[in-house]
Amino acid sequence: MKIICIGRNYSEHIKELANEKPKEPVIFLKPDTALVQKNQPFFIPHFSNEIHHEVEVLVKINRLGKHIQEKFAHKYFEEIGLGIDFTARDLQLELRQKGLPWEKAKAFDCSAVVGDWINKNQFENLEALNFALLKNGEKVQEGNTQHMIWKIDQLIAYVSQFFTLKIGDIIFTGTPSGVGPVKENDVIEGYIENKKSFSVRIK
Ligand code: MG
């Protein structure tokens, strides 16, 4: 399986990192080795002094597809989740300044937390999902999918022009504002529509 991540999909987050608003979705990949195994902690890697949390709504692909039309995109997923796109922000800035790819900052081992999957029919409206991230019990990120620049169906259509989507692939749909650092012994918990999706300890 592969993990396809969307960058800069919420205006407020683009502003907080002083990035330009993209004309098309920004895409990068994480390998399957980026997954944090269930109930395992996240270990801060030695190559970064600034690991940021980015809480994101996830989509799990359940059919093989390429060049998927937006109007059919809803047929390619049944489950929605919540996860963390851990980012070595210091390294990412360095790579960006040099015009180099982001993989070392974004796709390293254990950079992807994937919470519990929920059938999409359990939600009233996928385009108005509330989600939040708590750090040590305090809310640090809060988002609603209505603020996505590109909606889930648009993302599936766009991504599948470049990458064949396979069963089990996961799309990270971008983070809202409020990204920030994690340190040893922090506990971060993700909630989607007030339902707990994951809890991860930082080591
Ligand atoms: Mg992200």
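Every number for a ligand or one of its atoms is a count from 1 in the order of the listing. Numbers here simply count residues along the sequence, with the first being 1.
- Tested against L155 for a side-chain contact (heavy atoms from CB on, under 4.5 Å), the candidates I4, V59, N9 yield a single pass: N9.
- Proximity of K15 to S177: side-chain heavy atoms (C-beta onward) are nowhere separated by under 4.5 Å.
- Using modelled atom types, one finds a donor on one side chain and an acceptor on the other under 3.5 Å when comparing Q141 with H53.
- At least one side-chain heavy atom of R89 sits under 4.5 Å from a side-chain heavy atom of V179.
- Note on ring orientation: taking the six-membered ring where Trp is involved, the planes of F42 and F86 are parallel (angle under 30°, cut-offs 30° and 60°).
- D169 pairs with exactly one of T164, I61, V159 by the side-chain contact (heavy atoms from CB on, under 4.5 Å) rule, that one being I61.
- Around the Mg ion (ligand 1), the protein contributes the following N, O or S atoms under 2.8 Å, ordered by chain and number: E54 OE1, E56 OE2, D85 OD2.
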